[in-house]
Enquirer: 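Handing you a structure now.
Order of the sequence lines fixes the chain letters, A, B, ..., with proteins taken first and strands second; residue numbering starts at 1 for each chain. Remember, predicted model here, so these are calculated numbers, not experimental data.
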There are 2 protein chains.
Amino acid sequence: MKQTRKEEIVIVAAKLFKERGYSAVSMRDIAQQMDIKAASLYNHIKGKQEILSTLILHVARAFTNSTQQITSENSSPLTRLKKLIAVHIDITFHNPDAIAALNNDWMHLDGQDLLDFIAMRDQYEENFRSIIKQGIQKQQIRAKEPEVILFSILSTLRTLYLWNEKRGKLEVDVLKQELVAVLISGIV
Amino acid sequence: MKQTRKEEIVIVAAKLFKERGYSAVSMRDIAQQMDIKAASLYNHIKGKQEILSTLILHVARAFTNSTQQITSENSSPLTRLKKLIAVHIDITFHNPDAIAALNNDWMHLDGQDLLDFIAMRDQYEENFRSIIKQGIQKQQIRAKEPEVILFSILSTLRTLYLWNEKRGKLEVDVLKQELVAVLISGIV
DNA sequence: TAGTTTAACTAACAATCGTTAGTTTTGTAA
DNA sequence: TTACAAAACTAACGATTGTTAGTTAAACTA
């Protein structure tokens, strides 16, 4: 799996975007990190925008595809919810830098890329919502405020990327198990 | 409660920072939003950095003071945890824009301001951690992985500011009750 | 080896950045 | 009305921004 020069640029840029944000990282910063000059970047990419959209839309599609597929399974709502959490952990720990950009810099996308992102994001959220509502209907999930439940789960999953270094020795499989337990059964 | 011109600038800037991030907002953007020229801002503030540090350190102190006070109460760990969640909701819905800056732009603080912020943030997190550990010790909280519990709660609370418009008709008191239930008792 | 592509380079551009200096207008108090 | 302070203005600065043009060196292909 050798990566192209463009892929290298995107990876290096993602690290910098994660630390400082898209707007605070210059093309010269990215170039310096690769030991070349800024102008040389343009042999491989169209511009700064292309780095951002490559980064974000790629991982956004991964999320949308996974959640869409799990949502349309016919297992029980709670089972699907657990799978959603697990797949979130997998994708996150595989692309933590890209997800940082997705979370923090999506608003700097342009034109059609921005529209595509928002559409995917809405669909993704709607998938979660529908599973929770089905869970309430089948009395697998407490009926109180579905939006509060949705918000709490999405917040935790969205922030997972920050936990990549800190999680330390905790194995991914253990984390999946524990996070499912905490989010679904609570902490008491 | 009339506000000074400096306070107006900070409030206007906070809104823009929330939408686009600190680095993507220029002094000319802030000035335009106030119907004045960029140079006029400097009659009231030292520079862009001062806007950011005023914004962030003020609300960071509010968090640190509240959590510190609640942590050192001698009520039960679970009671203190519930209070922490409630006070978080209060502070958040009172300064959603400042909290956006705190979450997303703290790394653009300079010098001593950055050090102060990090110190407050670490202390704040440590307060949460100590309460959770005490709760486990007194068998009020499930003993599995305290760091996962901590992470899940902090993630949800940190992201609350995004929920300010969307929460809609949901009253603050109802939200407190519901969020405490979801975070502590789970959703099943 | 000759020809061609890939990927680096230098130099520069127009635009925008935060900020300063000096000046003029506005509002308030005597 | 005059005097003063507060707050706006114009004009400009040096630095940095993303990007382009044109050129050169290295690496594959015939």
Enquirer: Closer than 4.0 Å, any side-chain N/O of B:Lys48 to the OP1 or OP2 of C:dG18?
Expert: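 Yes, within the criterion.
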Enquirer: Among B:Gln134, B:Gln137, B:Lys82, B:Lys133, exactly one meets side chain to side chain contact (heavy atoms under 4.5 Å, CB included) together with B:Pro77. Which residue is that?
Expert: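 When B:Gln134, B:Gln137, B:Lys82, B:Lys133 are each tested with B:Pro77, the side chain to side chain contact (heavy atoms under 4.5 Å, CB included) holds only for B:Gln134.
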Enquirer: Expressed as a whole number of angstroms, how long is the span from A:Ile9:CD1 to C:dT6:C1'?
Expert: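 Distance check: A:Ile9 CD1 to C:dT6 C1' gives 13 Å.
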Enquirer: Starting from P on D:dA6, measure out to NZ on B:Lys6 and report it in whole angstrom.
Expert: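 In whole Å, D:dA6 P and B:Lys6 NZ are 16 Å from each other.
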Enquirer: Quick one: are A:Ile36 and A:Arg5 in side-chain contact, heavy atoms under 4.5 Å?
Expert: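 Yes, at least one pair of side-chain atoms sits under 4.5 Å.
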Enquirer: Measuring to OP1 and OP2 of C:dT19, would you say a side-chain N or O of B:Arg28 lies under 4.0 angstrom away?
Expert: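 Indeed not, no polar side-chain atom of B:Arg28 lies that close.
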Enquirer: What is the distance from CG of A:Asp110 to C1' of D:dT19, rounded to the nearest Å?
Expert: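 My rounded result for the distance is 15 Å.
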Enquirer: Side chains of B:Ile141 and B:Leu81, heavy atoms from C-beta outward: is any pair under 4.5 Å?
Expert: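 The answer is yes; the side chains approach within 4.5 Å.
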Enquirer: Which pairs count as ring pair (Phe, Tyr, Trp, His ring centres under 6.0 Å) when at least one residue sits in residues 45-102 of chain B, sequence neighbours excluded?
Expert: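 Found B:Phe63-B:His88, B:His88-B:Tyr124.
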Enquirer: Going by the rule side-chain hydrogen bond (donor to acceptor under 3.5 Å, both in side chains), which residues pair with A:Glu147 if we only count those two or more places apart in sequence or in a different chain?
Expert: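 Residues passing side-chain hydrogen bond (donor to acceptor under 3.5 Å, both in side chains) with A:Glu147: A:Arg129.
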Enquirer: Please compare B:Gln49 and B:Asn43 by the position of their nearest nucleotide in DNA chain C and report the one closer to 5'.
Expert: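 Closer to the 5' end of DNA chain C: B:Gln49.
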Enquirer: Whether B:His44 contacts D:dA6 is assessed here as follows: a side-chain N or O lying under 4.0 Å from the phosphate OP1 or OP2. Is that the case?
Expert: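 For B:His44, the contact criterion (side-chain N or O under 4.0 Å from OP1 or OP2 of D:dA6) is not met.
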Enquirer: When you get a sec, tell me which of C:dG18, D:dA11, C:dA8 is the closest nucleotide to the side chain of A:Arg5?
Expert: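 Shortest atom-to-atom distance from the side chain points to C:dA8.
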Enquirer: If I take atom NE2 in residue B:His108 and atom P in nucleotide C:dG18, what distance separates them, rounded to the nearest angstrom?
Expert: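 It works out to 12 Å between those atoms.
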Enquirer: From the set D:dG18, D:dT10, C:dC9, return the single nucleotide nearest to any side-chain atom of A:Tyr42.
Expert: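 Within the option list, the nearest is D:dG18.
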Enquirer: Using a 4.0 Å heavy-atom cut-off across all strands, classify B:Ser26 as base, sugar-phosphate, or nothing.
Expert: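 Sugar-phosphate only.
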Enquirer: Without decimals, in angstroms, what is the distance between B:Lys37 NZ and D:dA12 C1'?
Expert: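 So the NZ-C1' distance, B:Lys37 to D:dA12, works out to 15 Å.
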Enquirer: Nearest whole angstrom, please: distance from the P of D:dA25 to the CD1 of A:Ile36.
Expert: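 A:Ile36 atom CD1 is separated from D:dA25 atom P by 18 Å.
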Enquirer: For B:Ile45 and C:dT20, give me the distance from atom CD1 to atom C1', rounded to whole Å.
Expert: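 That distance rounds to 14 Å.
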Enquirer: Atom CG of B:Asp35 and atom C1' of C:dT26: how far apart are they, to the nearest Å?
Expert: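 It is 16 Å, rounded to the nearest whole Å.
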